[in-house]
Engineer: 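Once you've had a glance at the structure underneath, I'll fire off some questions.
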Amino acid sequence: MSGFINDNTMNHNINLFEKNVVHYSEITGTAMFTGNAKLPSGNALYEMLKVISCVIIVDLKTSTIIDASFTTLSPTANNYIRSLVIGYVLNGGFQPLANRLDRHLHLTSKKSFIKSLEIAYQRYQDYLTDSKMKIGS
């Protein structure tokens with residue numbers, strides 16, 4: 001699974017999130033990125049939501065997604081999609097993560113979930129670019 005962290009150094013941060021930590025401030029060196037994508041018309045999710053939203057929390061030191069959330073109609077769907085995303089190291093690029101979702105999600109709204117995550121990934125990339133520009137100025 002290229003791009004997924006195999007190192008135990010992240011277990012502390014991941015475990016804090018898995019235990020539903022209320023105080024995100026306890027975890028330093030993280031940032032939140034979001035993405036939204038329009039749902040295809042004609043399915044139940046579109047009738048309720050119109051847009052899929054994705055939130056990822058990234059450990060900036062390791063570029064690892066340590067938490068994620070997606071707007072869905074069921075906690076089971078959100079938890080399943082989260083499990084596909086958490087632990088992914090963003091330095092591996094977006095395509096391996098998109099491929100993983102493509103293989104495991106069999107929904108009419110699959111492309112919207114992938115697109116919302118791609119937009120969050122692009123915001124992360126923009127953050128990195130902006131940070132490098134500020135350091136270089």
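Computed from heavy atoms alone, side chains included, the values below leave out hydrogens, waters and symmetry copies.
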Engineer: May I ask you to test the Y88-T64 pair for a side-chain heavy-atom distance under 4.5 Å?
Structural biologist: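 Y88 does not reach T64 side chain to side chain.
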Engineer: What's the spacing between N79 CG and L84 CG if we round to 0.5 Å?
Structural biologist: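 Taking CG in N79 and CG in L84, the distance rounds to 11.0 Å.
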Engineer: Taking the side chain as every heavy atom from C-beta outward, state whether L117 and L101 have any atom pair closer than 4.5 Å.
Structural biologist: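 The answer is yes, as the side chains (C-beta and beyond) meet within the 4.5 Å cut-off.
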Engineer: So with a 6.0 Å cut-off around NZ of K110, is the heavy-atom count from everything else above 12?
Structural biologist: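 Check passes, neighbour count above 12.
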Engineer: To the nearest 0.5 angstrom, please state how far the CD1 atom of I57 sits from the OG atom of S69.
Structural biologist: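 With rounding to 0.5 Å, CD1 (I57) is 9.0 Å from OG (S69).
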Engineer: For the OH atom of Y121 and the CD atom of Q95, what is their distance to the nearest 0.5 Å?
Structural biologist: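 Y121 OH to Q95 CD: 10.0 Å, rounded to 0.5 Å.
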Engineer: As a test of understanding, state which of N43, N36, L107, I52 forms a side chain to side chain contact (heavy atoms under 4.5 Å, CB included) with S112.
Structural biologist: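 With S112 as partner, side chain to side chain contact (heavy atoms under 4.5 Å, CB included) holds for just one option, I52.
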Engineer: From I114 CD1 over to L97 CG, what is the distance, rounded to the nearest 0.5 angstrom?
Structural biologist: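 One finds 8.5 Å between CD1 of I114 and CG of L97.
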Engineer: Can you tell me how far apart CG (L128) and OG (S63) are? Round to the nearest 0.5 Å.
Structural biologist: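 Result: 6.0 Å between the selected atoms.
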Engineer: Can you check whether T30 reaches V58 side chain to side chain, under 4.5 Å on heavy atoms?
Structural biologist: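 T30 does not reach V58 side chain to side chain.
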Engineer: Please walk me through it: do H104 and Y80 pass side-chain contact (heavy atoms from CB on, under 4.5 Å)?
Structural biologist: CA-CA 9 Å; H104 292 278; Y80 183 73; 3.5 Å; yes
Engineer: Please tell me if the side chains of S116 and F70 come closer than 4.5 Å, counting only heavy atoms from C-beta onward.
Structural biologist: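 Answer yes - side chains close enough.
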Engineer: Is it possible for you to say whether L105 and V85 belong to one hydrophobic cluster, with membership spreading through side-chain heavy-atom contacts below 4.5 Å?
Structural biologist: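 Yes, L105 and V85 fall within the same hydrophobic cluster.
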Engineer: Step by step, work out the side-chain contact (heavy atoms from CB on, under 4.5 Å) result for Y124 and I65.
Structural biologist: CA-CA 11 Å; Y124 167 75; I65 298 174; over 6 Å; no
Engineer: Looking at every non-hydrogen atom in both residues, tell me the closest pair between R103 and H106 and how far apart they are.
Structural biologist: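 Looking at all heavy atoms of both residues, the shortest contact is O-NE2, 3.1 Å.
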Engineer: Check whether more than 12 heavy atoms from other residues, nucleotides or ligands sit under 6.0 Å from atom NZ of K50, and answer yes or no.
Structural biologist: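 Counting neighbours around NZ of K50, more than 12 heavy atoms of other residues, nucleotides or ligands fall under 6.0 Å, so yes.
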Engineer: Set out, in order, the CA-CA distance, both residues' side-chain angles and the distance that settles side-chain contact (heavy atoms from CB on, under 4.5 Å) for I86 and I66, then state yes or no.
Structural biologist: CA-CA 5 Å; I86 292 174; I66 59 174; 5.7 Å; no
Engineer: If you measure from CZ on R82 to SG on C54, what distance do you get to the nearest 0.5 Å?
Structural biologist: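 The CZ atom of R82 sits 11.5 Å away from the SG atom of C54.
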Engineer: Do T62 and V89 have side-chain heavy atoms sitting under 4.5 Å apart?
Structural biologist: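 No, side chains not in contact.
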Engineer: Is there a path of hydrophobic side-chain contacts, each under 4.5 Å between heavy atoms of I/L/V/M/F/W/Y residues, joining F33 to I119?
Structural biologist: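 Cluster IDs for I119 and F33 differ.
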Engineer: Write down the atom of R123, the atom of T34, and the distance for their closest heavy-atom approach.
Structural biologist: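 In terms of heavy atoms, the two residues are closest at NH1-O, 2.6 Å.
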Engineer: Please name the pair of heavy atoms, one in L39 and one in S109, separated by the smallest distance, quoted to 0.1 Å.
Structural biologist: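 Looking at all heavy atoms of both residues, the closest pair is CD2-CB, 3.4 Å.
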